[in-house]
Q: 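Quick one: the structure is below, questions incoming.
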Amino acid sequence: MRTSWADAVANAESSAAVTSASPSNVAIGGASPSRGGRAAYVPPHLRNRQQSSESSAASSAPAPSIADSPSGIRKPAFFVASDAGGSRRSSGPIRDSVRPSSSGARGGSGGWNSRGAGWDRREREANPFADDDDDAAEAAFNSQENSGINFDAYEDIPVETSGENVPPPVNTFAEIDLGDALTENIRRCKYVKPTPVQRHAIPISLAGRDLMACAQTGSGKTVAFCFPIISAILRGTPAPRQRGSRTAFPLALILSPTRELSVQIHEEARKFAFQTGLRVVVAYGGAPINQQLRDLERGVDILVATPGRLVDLLERARVSLQHIRYLALDEADRMLDMGFEPQIRKIVEQTDMPPRGQRQTMLFSATFPKEIQRMASDFLYNYIFLAVGRVGSSTDLIVQRVEFVLDSDKRSYLMDLLHAQRDTGAHGKHALTLVFVETKRGADSLEHWLCMNGFPATTIHGDRTQQEREAALRSFKSGATPILVATDVAARGLDIPHVAHVINFDLPNDIDDYVHRIGRTGRAGKSGLATAFFNDSNASLARSLSELMQESNQEVPKWLSQYAAARSYGSGSGRSRRTGGGRFGGRDFRRDSSYNRGGGDYYSGGNGYGGGSSGAPSGYGGGYSGAGVISAWD
DNA sequence: TCTACCC
């Protein structure tokens, strides 16, 4: 029962094996380059702390690796001068610089950035569509609902854009000249019509503008940033050849917060880039680095990566970011939150990556808290804010339930739910259940208990090996183990078809995480169910959860409302203030006067805001700010 | 406090 082709495509995507990611136990070759004074291995989070405390001492940065290029340019690939002053921010506004991509200056053709001849590679390129002929994909592509029902619903989706000179949206792919190869791949993907986020984001991106987009992955978020990137690279001036260098110089960088999501994006991007001559490479931790190094050496135009592995590659001088023209952050609010921000700043502001204004930066997420938006503007130049979302009805695809369950009763409750689901059989043979827990240990423990009790379960979390993680995901997707116990590693972005039920065994501490978690179900037009176990330890979530459910037209249990009221009685509820009342990031923070006092503070980097909005249905603005119709949002 | 992020 598909209702959108985008979801159908997502299904097809995920049915493809994560081939590129199949890890082996090959040892990391070449050891680590000798790096004076550098500890063997410091976990990323610890290094972040270290880094931030020594921000003003340029000399305290690790000795830069020297690219082993025979060509004579021995350039430090990491911690170069872009932040020479030691400021936390990048070096000053560049508002006067000419944007390389917006003026159509690139007239050349064949701008691929690889060493070998493009033709040879085209012949050898594995067909990324090879797996699309399986039954799931066929069903998806042939389903009538693909091109019908949901697109009608899309017409009513409110769209907010703000910023200067917003390019108008397009209605068809044909209106945009994406080039022959890409057009052919669109046909292969059986994409008929762009989704709203694509209709708006692609022209914005092709115009060379920076973008902050609130969008659903299920409706083609990946397409929204991949298409313009691929198209622009093909039209752009060819990158300088790097003869004989072992350093790779990608033109585009796509970062995502988890390894599995990077794999998924890579799989999708490969299809779009098929036979364009462009090379898409993925790099992420937990997998042997050797294959990734080989992939990079063969040339890379678009690099999809998780932050940690990319930092490693930068330190080894196997990747340089100095030719980056396009930077995309998927799940951008996650990438910029406390845990990831230092690494992202390091990559974006303390390497040889061109500063904002000289690259094109695109941020995508479904949730965009205002303070994250504010921080994100550090990375953006005169950007356009885009929010695509359904405010009104029809997000009732996910039924949300909350039950009061003591910790000691959770397993028993869970078993009841699983039994009920198994007995009703209402979800068909592919019905999958995704169980979120708070801790990695809890995940192992629950998985073990489920298996002991005859429920075929597996688990995915950060303490498992990458092989185990990917095997677990495959096993879950295939239905071999229809119960997956997961930490938040699986909360965002992953397209897993047939998830009928998301159970928040432990509720997250952050309402945004809840939003992303339950968004794993209710996809592809199916009715999804999300059940949460709530008890005293979740008190801090009571208010925001209650508000969220109200906004989604869900039935809020009376006891939860009382919890929420009690909670907010004292302090004004630290929780829901976080995103300024409208917890859903459906609004440009630049329009919020409380973020704009002092005049121009946030525009100092050239982030001019022209005000106004375009393409928004009338009367839309007011209802949106507080709305949290989020069920299908990623 | 938890999660995720390189050996």
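Each chain gets a letter, A, B and so on, in the order the sequences are listed, and its residues count up from 1.
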Q: Any salt bridge (Lys or Arg N to Asp or Glu O under 4.0 Å) involving residues 496-509 of chain A? Give me the pairs, sequence neighbours left out, ordered by first then second residue.
A: A:Lys410-A:Asp506
Q: In whole angstroms, how far is the P atom of B:dC5 from the CG atom of A:Leu313?
A: 15 Å
Q: Round to the nearest Å and state the distance from A:Arg334 atom CZ to B:dT3 atom C1'.
A: 7 Å
Q: Without decimals, in angstroms, what is the distance between A:Leu473 CG and B:dA4 P?
A: 14 Å
Q: Taking atom CD of A:Glu341 and atom CZ of A:Arg345, what is their separation to the nearest 0.5 Å?
A: 4.5 Å
Q: Separation of A:His461 atom NE2 from B:dC5 atom P, in whole Å?
A: 12 Å
Q: How far does CZ of A:Phe364 sit from CG of A:Leu329, to the nearest 0.5 angstrom?
A: 10.5 Å
Q: Of the nucleotides B:dC5, B:dT3, B:dT1, which has the atom closest to the A:Asn509 side chain?
A: B:dT1
Q: Under the side chain to side chain donor-acceptor pair (under 3.5 Å) rule, collect the residues that match up with A:Arg411, sequence neighbours excluded.
A: A:Ser445
Q: Roughly how many Å is it from CZ in A:Arg492 to C1' in B:dC5, rounded to a whole number?
A: 14 Å
Q: Base, sugar-phosphate alone, or nothing: which one does A:Arg469 contact when heavy atoms must sit under 4.0 Å apart?
A: sugar-phosphate
Q: Could you state the CG-C1' distance from A:Asp512 to B:dC2, rounded to the nearest angstrom?
A: 15 Å
Q: When the distance from CD1 of A:Ile347 to P of B:dC5 is rounded to whole Å, what number comes out?
A: 13 Å
Q: Which whole-number value in Å describes the distance from A:Ile460 CD1 to B:dA4 C1'?
A: 12 Å
